[in-house]
2 protein chains.
Amino acid sequence: MASLSQSRQPSSPRQAARRKAAVDGLLDPELFKALGDPTRVLLLRCLLKCKRACSVSEVAECCDVDFSVVARHLSLLARSGVLEARKVGRTVWYTPRCEDLASTFRSLADAIDDCSPTPIDCCGSDCCKEE
Amino acid sequence: MASLSQSRQPSSPRQAARRKAAVDGLLDPELFKALGDPTRVLLLRCLLKCKRACSVSEVAECCDVDFSVVARHLSLLARSGVLEARKVGRTVWYTPRCEDLASTFRSLADAIDDCSPTPIDCCGSDCCKEE
DNA sequence: GGGATAGTGACGCCATGATGCAAATATATC
DNA sequence: GATATATTTGCATCATGGCGTCACTATCCC
């Protein structure tokens with residue numbers, strides 16, 4: 001809970017990389033990779049706007065790719081924590097994990113803000129001087 | 001500015017996909033793709049924690065990959081709007097666009113919240129019943 | 001101008017991943 | 001048990017993307 005973020009003055013990036021910060025845990029390439037594919041984003045948007053759990057077959061009607069591809073994408077999104085999967089009988093119902101996602105992105109925004117240099121003394125070297 | 005998000009009851013995902021919502025613009029696979037690579041995220045964390053503009057050479061000392069690879073990654077991050085690039089003389093100074101990034105992620109969080117179904121009547125079909 | 005420094009661009013190699021098809025599995029229904 | 005439905009998995013193909021090497025350009029300093 002303690003805010004370690006107001007750390008010291010600008011250092012070399014190599015030194016800075018060694019310091020711990022909130023962004024370390026929140027900037028997760030795996031999550032972004034999951035959201036980095038156009039088809040997957042299309043499916044996610046579809047699920048988000050539908051506002052209810054949807055089966056693989058239903059979601060597959062939202063785009064042109066093969067059914068098996070949709071099934072794989074949804075499964076991957078679930079493994080990445082983006083969707084929740086609930087199997088009932090022979091059908092799987094997928095729901096976006098809205099609360100978790102929103103909270104993750106908000107925490108990330110906060111962590112990034114913590115990294116923002118203050119306009120004053122933002123840079124000890126000459127790299128910040130106006131041209 | 002008008003909030004169209006409180007739209008109607010759950011529909012088929014195919015119908016839902018046709019409706020416009022804030023997530024349509026904010027869930028951008030290109031941004032996520034840029035943030036979906038471990039090396040790029042490492043470089044970005046490095047820049048974020050350094051809290052000042054850094055040159056390509058400086059950032060390149062933060063990881064093991066070849067200098068040219070770092071240069072390409074930084075250039076890509078700049079093209080994706082994650083970094084700002086400022087060329088002074090023969091060196092390029094990169095800075096994270098903290099405000100834009102934080103604001104993007106916050107808007108995204110809001111848009112996702114808008115998609116969250118109300119706990120009541122979240123689903124007209126039997127897909128939401130407890131097991 | 002000549003040489004050093006900072007970064008970009010053009011290759012080729014290789015791993016990953018997205019896709020479609022078809023077979024396999026799991027579950028309901030008859 | 002046979003059959004239909006819902007999804008998963010194996011396989012082959014193909015495109016994308018990350019990486020390193022090297023040549024090239026731009027800029028600075030002598």
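Sequence lines set the chain letters: A, B, ... in the order given, protein chains first and strands last, and positions in each chain run from 1.
Taking atom CZ of A:Phe32 as the reference point, atom C1' of D:dG18 lies 19 Å away to the nearest angstrom. Atom CZ in A:Phe67 sits roughly 13 Å away from atom C1' in C:dT25 (whole-Å rounding). Rounded to a whole Å, the CG atom of B:Asp66 is 18 Å from the P atom of C:dC13. Computed from coordinates, the A:Leu74 CG to C:dA18 P distance equals 13 Å when rounded to whole Å. Between A:Leu43 atom CG and D:dT7 atom P there is a gap of 14 Å when expressed in whole angstrom units. Protein atom CG of B:Leu77 is 13 Å distant from nucleotide atom P of C:dT8, rounded to whole Å. Protein atom CG of B:Leu83 is 14 Å distant from nucleotide atom P of C:dG7, rounded to whole Å. Atom CD of B:Glu61 is separated from atom P of C:dT5 by 14 Å (rounded to the nearest Å).
Residue B:Thr39 has its side chain nearest to D:dC19 when only D:dC19, C:dG7, C:dA26 are considered. Checked against C:dT8, C:dG17, D:dT8, the side chain of A:Lys33 finds its nearest nucleotide in C:dG17. With C:dG20, D:dT7, C:dG7 as the candidates, the nucleotide lying closest to the side chain of B:Val56 is C:dG7. The side chain of B:Tyr94 lies closest to C:dT8, out of C:dT8, C:dG7, D:dG20. When each of D:dC19, C:dA6, D:dT7 is scored by its nearest atom to the side-chain atoms of B:Thr91, the top-ranked nucleotide is C:dA6. Side-chain proximity of B:Arg72 to the nucleotides D:dT8, D:dG20, C:dT8 is greatest for D:dG20. Ranking D:dT7, C:dG7, C:dA18 by closeness to the A:Ser57 side chain, first place goes to D:dT7. The listed nucleotides are C:dT19, C:dG7, D:dT7; the one nearest the side chain of A:His73 is C:dT19.
With hydrogens and angles left out, the side chain of B:Arg90 and the base of C:dT5 share a donor-acceptor pair within 3.5 Å.
Within the 4.0 angstrom heavy-atom criterion, base atoms lie near A:Ser68.
Heavy-atom distances to DNA chain C give each of B:Ala71 and A:Val69 a nearest nucleotide, and the one nearer the 5′ end belongs to B:Ala71. Each of A:Lys87 and A:Val65 has a nearest nucleotide on DNA chain C; the 5'-most of these lies closest to A:Val65.
Contact annotation: the side chain of A:Leu27 approaches that of B:Leu44 to within less than 4.5 Å [non-hydrogen atoms, C-beta and beyond]. A 4.5 Å side-chain heavy-atom check between A:Leu47 and A:Leu74 finds at least one atom pair inside the cut-off.
When the options A:Arg79, A:Arg72, A:His73 are evaluated for a side chain to side chain donor-acceptor pair (under 3.5 Å) with A:Ser75, the one that passes is A:Arg79. Here the rule is side-chain contact (heavy atoms from CB on, under 4.5 Å) with A:Val65, and of A:Cys62, A:Ser68, A:Cys63 only A:Cys63 fits it.
B:Trp93 and B:Thr95 form no side-chain donor-acceptor contact under 3.5 Å, judged by distance and modelled atom types alone.
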